[in-house]
Number of protein chains: 2
Amino acid sequence: MGTPLPRDPIADAQRNWERHGWADVAAPMAAITAVMRTQQILLARIETALKPFGLTFARYELLALLSFARSGALPMNKASALLQVHPTSVTNAVDRLQEAGLVLRSPHPTDGRTTLIELTSEGRTLAKRATAVLNSEVFGQSGFEEQDVEQLIRILGNFRRNAGDFSG
Amino acid sequence: MGTPLPRDPIADAQRNWERHGWADVAAPMAAITAVMRTQQILLARIETALKPFGLTFARYELLALLSFARSGALPMNKASALLQVHPTSVTNAVDRLQEAGLVLRSPHPTDGRTTLIELTSEGRTLAKRATAVLNSEVFGQSGFEEQDVEQLIRILGNFRRNAGDFSG
DNA sequence: GCAATATACTAGGACATCCAAGGGTTTGGA
DNA sequence: TCCAAACCCTTGGATGTCCTAGTATATTGC
């Protein structure tokens, strides 16, 4: 991006909200806007780290998920549910990973509707290498204080549970 | 989306990271993944609330920004900087808002390179109405505890400053 | 057993984001 | 003064996400 702004645009927005008589929702507005912007920054870092591997975050997530599955294979609908994205997004990611030889589609042994995504050995190797780079370049240098990481996990975990992501 | 999962997939991923010897970055990984997912949930809520107005979040943000500018007008590059998105994204948003009659482009009085985005009266009215709905349906029902909102603003504010968003 | 309903995946379309490149305008140093 | 460098916006291309609809397969109920 460009040079840093002289002032925090989200703090400015929060003040604008308060000034216009919406003080009761100004803080949640600021928090939500901050989540949006933080996601954008983190995604950019991740994509930069993955670029040398020809991977995007969406494709990496799918590879990583498969690499943790015992058999190295998952039904498309399972992957969609675990990654919490629309089934068409999985179709898209599998198409591209398959072109790159990192996964392949195989029919489900008993359910003719279902397609299994299988990791190839190339896919497994690339997932390992990409994870190592993400760990060292992104997760290992997140810029979050250690106790703030715990706070984020707790706060966002509660939010996601309330939003219906999981019941646990 | 579908039904809630029986377990938190991000907590599972964190356990997987720890199990594979990446315990030192497992927590930041979980926090970052949670930010990504939370953004997705929030964006979906916002888009749902804005749909009746024919607005997307990107277009709404631009309208709101203009409505807070004294003159109701801003240079494209200024909007790009304040919204922290790529200039081409602003071009895209302005194209669509202009088609809808909510903004218009006008030449900068002194700098021939610059284009000003101006809010029309329809645009100003729609921004007001959309903001009211967002306030009541999204920001007013964020699902975040009040003290967690403060924590988020603080933690993500620090992160954004460190990331170079602003210097203040 | 067969029709109605539910589930799984994919095709097509609308949007948004970024990057790379191109054309016009300003600015600044030789 | 004048040309190169910097800046501003737009176009074109690649990706990802979602929604709607369509096809194929399973399951359920009468």
Side-chain angles (χ1 to χ4, degrees), chain A residues 1-3 36-37 39-51 53-63 74-100 103-117, chain B residues 1-3 36-37 39-51 53-62 74-81 83-100 103-117:
Chain A
M1 293 294 126
T3 11
M36 310 298 282
R37 173 60 185 153
Q39 185 268 353
Q40 188 181 22
I41 294 167
L42 290 170
L43 181 59
R45 289 187 188 173
I46 292 170
E47 299 280 7
T48 298
L50 291 176
K51 190 149 204 163
F53 300 102
L55 290 176
T56 63
F57 187 44
R59 300 178 205 170
Y60 168 77
E61 277 196 299
L62 185 49
L63 277 190
L74 278 178
M76 308 256 320
N77 65 335
K78 200 92 177 182
S80 168
L82 291 173
L83 297 176
Q84 323 227 227
V85 295
H86 200 278
T88 54
S89 296
V90 177
T91 295
N92 187 334
V94 171
D95 284 349
R96 297 167 194 281
L97 288 172
Q98 192 166 28
E99 285 169 21
V103 305
L104 49 85
R105 284 177 165 90
S106 62
H108 189 286
T110 65
D111 190 333
R113 299 169 298 181
T114 299
T115 299
L116 292 176
I117 323 167
Chain B
M1 292 298 130
T3 9
M36 311 298 282
R37 174 58 185 154
Q39 186 267 354
Q40 188 181 20
I41 294 168
L42 289 170
L43 182 59
R45 289 186 189 175
I46 292 170
E47 299 279 9
T48 298
L50 292 176
K51 191 151 204 159
F53 300 102
L55 291 175
T56 63
F57 186 45
R59 298 178 207 171
Y60 167 78
E61 277 196 298
L62 185 49
L74 279 178
M76 308 259 316
N77 65 334
K78 198 92 177 183
S80 168
L83 296 176
Q84 322 228 226
V85 295
H86 199 278
T88 54
S89 297
V90 176
T91 295
N92 187 331
V94 171
D95 284 349
R96 296 168 193 281
L97 288 172
Q98 193 166 27
E99 284 170 22
V103 304
L104 49 86
R105 284 176 165 92
S106 62
H108 190 286
T110 64
D111 189 333
R113 296 169 300 183
T114 300
T115 299
L116 291 176
I117 323 167

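Although no hydrogens or angles enter the test, the distance criterion places no donor-acceptor pair under 3.5 Å between the side chain of Glu99(B) and the main chain of Val94(B). The main-chain N or O of Asp111(A) is found under 3.5 Å from a side-chain atom of His108(A) such that the two form a donor-acceptor pair. Between the side chain of Gln40(A) and the backbone N or O of Val85(B), no donor-acceptor pair lies under 3.5 Å.
In this structure, CG of Leu62(B) is placed 11 Å from P of dA16(C), rounded to the nearest angstrom. At whole-Å resolution of the value, CG in Asn77(B) and P in dT25(C) are 16 Å apart. Taking atom CZ on Arg113(A) and atom C1' on dA26(D), their separation rounds to 4 Å, with Å as the unit. For the pair Glu47(A) CD and dT15(D) P, the computed distance is 11 Å after rounding to whole Å. Distance His86(B) NE2 to dA21(C) C1': 11 Å, rounded to the nearest Å. Taking atom CD of residue Gln84(A) and atom P of nucleotide dT17(D), one finds them 13 Å apart after rounding to whole Å. The nearest whole Å value for the distance from the CG atom in Leu83(B) to the P atom in dA16(C) is 13 Å. Leu50(A) places its CG atom 15 Å from the P atom of dC19(C), with the value rounded to the nearest Å.
Partners of Ala49(A) according to the side chain to side chain contact (heavy atoms under 4.5 Å, CB included) rule, which considers only residues two or more places apart in sequence or in another chain, are Val133(A), Leu134(A), Glu137(A), Val138(A). When the side chain to side chain contact (heavy atoms under 4.5 Å, CB included) test is applied to Pro107(A), no partner is found at least two apart in sequence or on another chain. Take Thr91(A) and apply the side chain to side chain contact (heavy atoms under 4.5 Å, CB included) test, not counting sequence neighbours, and it matches Met76(A), Asp95(A), Arg105(A).
A donor-acceptor contact under 3.5 Å links the side chain of Thr88(B) to the base of dC19(C).
For the segment residues 105-112 of chain B, the set of residues with a heavy atom within less than 4.0 Å of an atom of DNA chain D comprises Arg105(B), in numerical order. Of the residues in residues 92-100 of chain B, those lying under 4.0 Å from DNA chain C by heavy-atom distance are Asn92(B), Arg96(B).
Applying the 4.0 Å criterion to OP1 and OP2 of dT15(D), one finds that Thr56(A) has every side-chain N and O outside that range. An OP1 or OP2 oxygen of dC18(D) is reached within less than 4.0 angstrom by a side-chain nitrogen or oxygen of Gln40(B). At dC18(D), one or more side-chain N or O atoms of Ser89(A) fall inside 4.0 Å of OP1 or OP2 (strictly under the cut-off). Proximity of Thr91(A) to the phosphate of dT10(C): a side-chain N or O atom is located under 4.0 Å from OP1 or OP2.
Residue pairs meeting the salt bridge (charged side-chain N to carboxylate O under 4.0 Å, His left out) criterion with at least one member in residues 42-51 of chain A: none, sequence neighbours excluded.
Among the nucleotides dC7(D), dC9(D), dC9(C), the one closest to any side-chain atom of Met76(B) is dC9(D). Listed nucleotides: dC18(D), dT17(C), dC9(C). Nearest to the side chain of Val85(B): dT17(C). For Arg59(A), the side-chain atoms get nearest to dG16(D) when compared with the rest of dA6(D), dG16(D), dC19(C).
A residue-by-residue look at Lys78(B) and Glu61(A) shows that Lys78(B) has its nearest nucleotide of DNA chain D further toward the 5' end. Residue order along DNA chain D, read from the 5' end via each residue's closest nucleotide, puts Pro75(B) first among Pro75(B) and Phe57(A). Both Val90(A) and Lys51(A) lie near DNA chain C, and the one whose nearest nucleotide falls closer to the 5' end is Val90(A).
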message: Using the rule given for side-chain contact (heavy atoms from CB on, under 4.5 Å), can you reason through Leu62(B) versus Leu83(B), listing the C-alpha separation, both sets of side-chain angles and the distance that settles it, and then say yes or no?
response: CA-CA 8 Å; Leu62(B) 185 49; Leu83(B) 296 176; 4.0 Å; yes
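Taking CZ of Arg96(B) as the reference point, atom CG of Leu55(B) lies at 12.5 Å (rounded to 0.5 Å). With values rounded to the nearest 0.5 angstrom, His86(A) atom NE2 is found 12.5 Å from Asn92(A) atom CG.
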